[in-house]
Amino acid sequence: MLTLAFIRENKDAILKGLAIRNFANAESIIDEVIEKDALRRTTQSELDNKLSESNKLSKEIGKLFQSGEVQKANLIKEKTGQLKEQTKVLTERLSNSESELNDLLYQIPNIPNPLVPKGNSEEDNETIFEEGAIPKLHEGALPHWELAKKYDIIDFELGNKITGAGFPVYKGKGAKLQRALITYFLDKNSDAGYTEIQPPLLINEASGFGTGQLPDKEGQMYHVGIDNLYLIPTAEVPITNIYRDVLLKESDFPICNTAYTPCFRREAGSYGAHVRGLNRLHQFDKVEIVRIEHPDKSYEALDGMVNHVKSILQELELPYRILRLCGGDLGFTSALTYDFEVFSTAQDRWLEISSVSNFETFQANRLKLRFKNSEGKSQLAHTLNGSSLALPRVLAGLLENYQTENGIKIPKVLQKYTGFDIIE
RNA sequence: GGAGAAAUGGCAGAGUGGUCGAAUGCACUAGUCUUGAAAACUAGCGAGGGUCACACCUCCGGGGGUUCGAAUCCCUCUUUCUCCGCCA
């Protein structure tokens with residue numbers, strides 16, 4: 001959520017930014033916000049004056065009662081009765097304009113960083129880096145869902161039986177490989193200075209609002225109606241919400257956390273060949289990194305996170321590329337996002353395995369995540385997060401790229417975690 | 001799930017209808033002293049809205065009510081603690 005002060009003072013820059021996103025009706029919605037905000041403030045000061053008056057009168061009444069001048073007191077009481085009516089009306093008007101204002105603010109996405117290219121869809125994302133040789137596979141190389149079956153390491157049908165589509169069962173070396181990846185990622189992140197966290201997997205409404213899943217992406221989360229809780233779509237939600245309603249000291253920065261969690265997504269509206277196998281699941285595992293940063297340092301931190309994810313892919317020896325997302329593909333809450341994609345050789349396509357973003361103050365404003373700056377004032381912090389990494393597609397990439405006629409090899413870096421070097 | 005108690009500033013903790021945004025202690029910040037540190041002393045020290053700046057307004061777990069006036073009384077929800085039950 002953008003701050004009102006920012007909107008008031010930067011209307012032109014905001015309109016330009018929203019144009020990069022192809023955000024429709026930007027001008028009218030911004031004008032409406034500015035108008036509603038002005039109304040809100042005049043209502044507020046009107047109300048404040050009335051309250052101030054009635055506070056004064058009440059104090060007077062108190063004094064009069066104490067000195068026994070009951071009649072005088074009763075006279076004043078009549079006046080406060082009128083004031084009370086007026087404040088009631090004003091209070092109602094104030095809360096109405098506040099909620100209308102909030103409804104509008106919830107609709108406005110974050111303003112893109114100047115680096116974000118204009119564009120409508122993923123076609124327009126900029127490839128900024130590419131590394132790793134695409135392996136030449138043997139004759140008859142298979143896509144991962146076939147490999148999973150052949151070596152009996154992932155059972156999609158069994159998942160259908162137990163739960164439904166998109167809930168695979170990992171078995172034997174497949175399960176071990178999953179566990180190895182999780183442990184390797186967590187170790188790697190810890191070594192880079194991230195603190196490991198195990199958060200709850202269900203969150204309440206306030207947390208959903210804090211990171212921006214609510215109100216607009218409600219349909220993407222599984223909802224436990226009886227307790228009004230949501231299954232997390234990513235560890236970003238519980239981890240970032242640790243800092244909801246928190247006032248940090250400048251010396252607390254940087255805050256670097258990492259967490260492994262399963263992630264649950266309804267993926268309503270997804271279909272087709274691209275959702276086959278591990279490509280798109282309702283439940284999957286992911287290791288996430290989350291940082292809370294001083295605004296002056298957040299882009300440095302973003303670069304650091306990108307380099308960190310890079311180093312993981314280098315160690316895994318997977319062919320990958322980095323994209324800078326265009327305005328049309330950029331997430332609602334993000335100012336700048338880099339996507340990492342791994343090349344799936346047997347499918348002959350790139351698979352997104354990580355997304356690293358700077359949200360600047362957009363989440364922090366909702367979260368009320370602030371710090372005391374050097375002038376002693378409260379200022380919104382910047383939040384960032386990234387996947388390091390999302391398991392299923394890494395697994396897909398590993399299975400496909402590391403397949404040989406004799407079996408699927410395990411990358412060297414993972415062997416001490418798996419305890420085996422080939423799946424056969 | 002049942003019975004009882006409680007929720008106040010970073011922490012501890014006073015405050016039961018007006019002079020309370022709130023005593024006191026600790027922590028923290030600055031200064032004095034010291035070669036430096038500690039101790040001691042002095043001062044400052046919650047958040048949000050609003051304003052050029054003041055003024056002013058709001059906030060004592062959340063929401064609602066009583067009252068001219070609520071941290072204080074009432075209702076309700078949430079959470080915590082103790083006891084009982086069930087249980088990984």
Side-chain angles (χ1 to χ4, degrees), chain A residues 1-9 33-102 104-105 198-210 214-215 224-230 238 241-253 255 262 292 361 363-381:
Chain A
M1 189 159 71
L2 300 176
T3 64
L4 283 165
F6 182 76
I7 293 176
R8 260 182 257 147
E9 286 154 27
V33 166
I34 292 172
E35 198 183 300
K36 287 252 156 71
D37 178 47
L39 178 69
R40 188 206 105 228
R41 277 183 299 160
T42 51
T43 310
Q44 169 107 58
S45 67
E46 225 178 303
L47 173 63
D48 285 356
N49 289 336
K50 297 287 180 205
L51 286 173
S52 167
E53 214 176 309
S54 88
N55 284 346
K56 261 183 224 148
L57 291 176
S58 293
K59 275 181 191 161
E60 231 171 281
I61 290 170
K63 276 181 201 150
L64 289 173
F65 269 123
Q66 271 167 358
S67 62
E69 299 173 79
V70 179
Q71 278 199 326
K72 267 192 184 176
N74 282 332
L75 261 166
I76 301 178
K77 266 196 193 181
E78 284 174 26
K79 269 200 234 173
T80 57
Q82 282 176 15
L83 279 172
K84 217 179 173 186
E85 285 301 309
Q86 292 170 325
T87 54
K88 205 175 170 188
V89 172
L90 286 168
T91 305
E92 203 164 303
R93 194 188 299 166
L94 182 66
S95 76
N96 283 343
S97 60
E98 271 171 356
S99 72
E100 283 169 27
L101 195 54
N102 265 328
L104 287 174
L105 288 174
Q198 278 193 19
L201 305 181
L202 283 89
I203 51 134
N204 58 26
E205 258 182 340
S207 294
F209 273 96
L214 295 174
V224 183
I226 194 169
D227 293 307
N228 197 23
L229 297 172
Y230 295 87
N241 271 284
I242 291 173
Y243 303 95
R244 172 154 49 86
D245 291 316
V246 166
L247 186 57
L248 296 165
K249 287 177 285 196
E250 237 173 9
S251 57
D252 292 331
F253 296 123
I255 293 174
I292 316 291
T361 60
Q363 287 183 329
N365 188 30
R366 287 195 181 189
L367 292 162
K368 294 198 177 60
L369 162 51
R370 292 155 302 169
F371 67 98
K372 276 265 182 243
N373 65 21
S374 49
E375 291 162 12
K377 288 193 172 167
S378 298
Q379 188 182 342
L380 292 171

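Source: prediction; values computed, not measured. A note on names: the letters A, B, ... follow the listed sequences, proteins ahead of strands, and every chain is numbered from 1.
Comparing the same atom, P, in B/A71 and in B/G9 gives a spacing of 15 Å after rounding to whole Å. Here the separation of B/A70 from B/C33, taken at their C1' atoms, is 48 Å to the nearest Å. Comparing the same atom, C1', in B/U29 and in B/A88 gives a spacing of 49 Å after rounding to whole Å. B/U19 and B/G4 have their P atoms separated by 35 Å, given to the nearest Å. Only the P atoms considered, B/G10 is 8 Å distant from B/A47, to the nearest whole Å. Distance noted for atom C1' between B/A55 and B/G49: 14 Å (whole Å). Spacing of C1' atoms, B/A22 relative to B/A12, comes out at 16 Å, to the nearest Å. Taking the P atoms as reference points, B/G13 lies 15 Å from B/G61, given to the whole Å.
Note on A/Leu51: only backbone sugar-phosphate atoms sit closer than 4.0 angstrom, heavy atoms only; bases stay farther off. If you check every strand for non-hydrogen atoms under 4.0 Å, A/Lys372 touches sugar and phosphate atoms only. Looking at heavy-atom distances under 4.0 Å, A/Ser378 makes contact with sugar-phosphate atoms alone, never a base. Using a 4.0 Å heavy-atom criterion, one finds that A/Ser58 contacts the bases of the nucleic acid, with or without backbone contacts as well.
When both pairing distances are held under 3.5 Å, B/C60 makes no Watson-Crick or G-U pair with any nucleotide shown. Applying the Watson-Crick and G-U wobble criteria (two distances, each under 3.5 Å), B/U51 pairs with nothing in any strand. Checking B/G44 for Watson-Crick or G-U wobble geometry (two distances, each under 3.5 Å) identifies B/C28 as its partner. Across all strands shown, B/A70 forms no Watson-Crick or G-U wobble pair with both distances under 3.5 Å. B/A6: Watson-Crick or G-U partner is B/U79, with both key distances under 3.5 Å. The partner of B/U34 is absent, by the rule that a Watson-Crick or G-U pair needs both atom distances under 3.5 Å. Taking a pair to require two hydrogen-bonding distances under 3.5 Å in either a Watson-Crick or a G-U wobble arrangement, B/A39 remains unpaired.
Distances shorter than 4.0 Å separate some side-chain N or O of A/Lys84 from OP1 or OP2 on B/G69. Dashed line: the shortest gap from a side-chain N or O of A/Asn55 to OP1 or OP2 of B/C57 is under 4.0 Å.
Using a 4.5 Å cut-off on side-chain heavy atoms (C-beta onward), A/Asn204 and A/Leu229 make contact. Looking at heavy atoms from C-beta onward, A/Arg41 lies out of side-chain contact with A/Ser45 at the 4.5 angstrom threshold. By the 4.5 Å heavy-atom criterion applied to side chains, A/Lys249 and A/Asp252 are counted as neighbours. Between A/Leu105 and A/Leu4 there is a side-chain heavy-atom pair separated by less than 4.5 Å. With contacts defined as side-chain heavy-atom distances shorter than 4.5 Å, the pair A/Ile255/A/Leu248 qualifies. Side-chain contact check for A/Ser207 versus A/Arg244: some heavy-atom pair is nearer than 4.5 Å. Here the side chains of A/Leu47 and A/Thr91 are in contact, with some heavy-atom distance below 4.5 Å.
Residue A/Asn204 contributes atom CG, which lies 13 Å from atom C1' of B/G62 at whole-angstrom precision. The separation between A/Lys56 atom NZ and B/G18 atom C1' is 17 Å, rounded to whole Å. Between the P atom of B/G50 and the CZ atom of A/Arg8 lies a distance of 6 Å, rounded to the nearest Å. Regarding A/Leu248, its CG atom lies at a distance of 18 Å from the P atom of B/G46, rounded to whole Å. The nearest whole Å value for the distance from the CG atom in A/Asp252 to the C1' atom in B/G10 is 12 Å. Counting to the nearest Å, the P atom of B/A55 and the NZ atom of A/Lys50 are 22 Å from each other. As rounded to whole Å, 14 Å separates atom C1' of B/G69 from atom CG of A/Asn74. We find that OH of A/Tyr243 is positioned 18 Å from P of B/G10, with the value rounded to whole Å.
Side chain A/Asp48 to base B/G49: a donor-acceptor pair is found below 3.5 Å.
Taking only side-chain atoms of A/Ser52, from C-beta outward, the nucleotide of B/C68, B/U58, B/C56 with the closest atom is B/C56. Nearest nucleotide to the A/Gln44 side chain, out of B/G50, B/C57, B/G49: B/G49. Listed nucleotides: B/G18, B/G49, B/G48. Nearest to the side chain of A/Arg370: B/G48. In this structure, the nucleotide among B/G49, B/U67, B/A47 sitting nearest to the side chain of A/Leu247 is B/A47.
Nearest-nucleotide assignment on RNA chain B puts the 5′-proximal partner with A/Glu60, out of A/Ser45 and A/Glu60.
By the 6.0 Å contact criterion, CD on A/Glu250 is enclosed, its count of non-hydrogen atoms from other residues, nucleotides or ligands being greater than 12.
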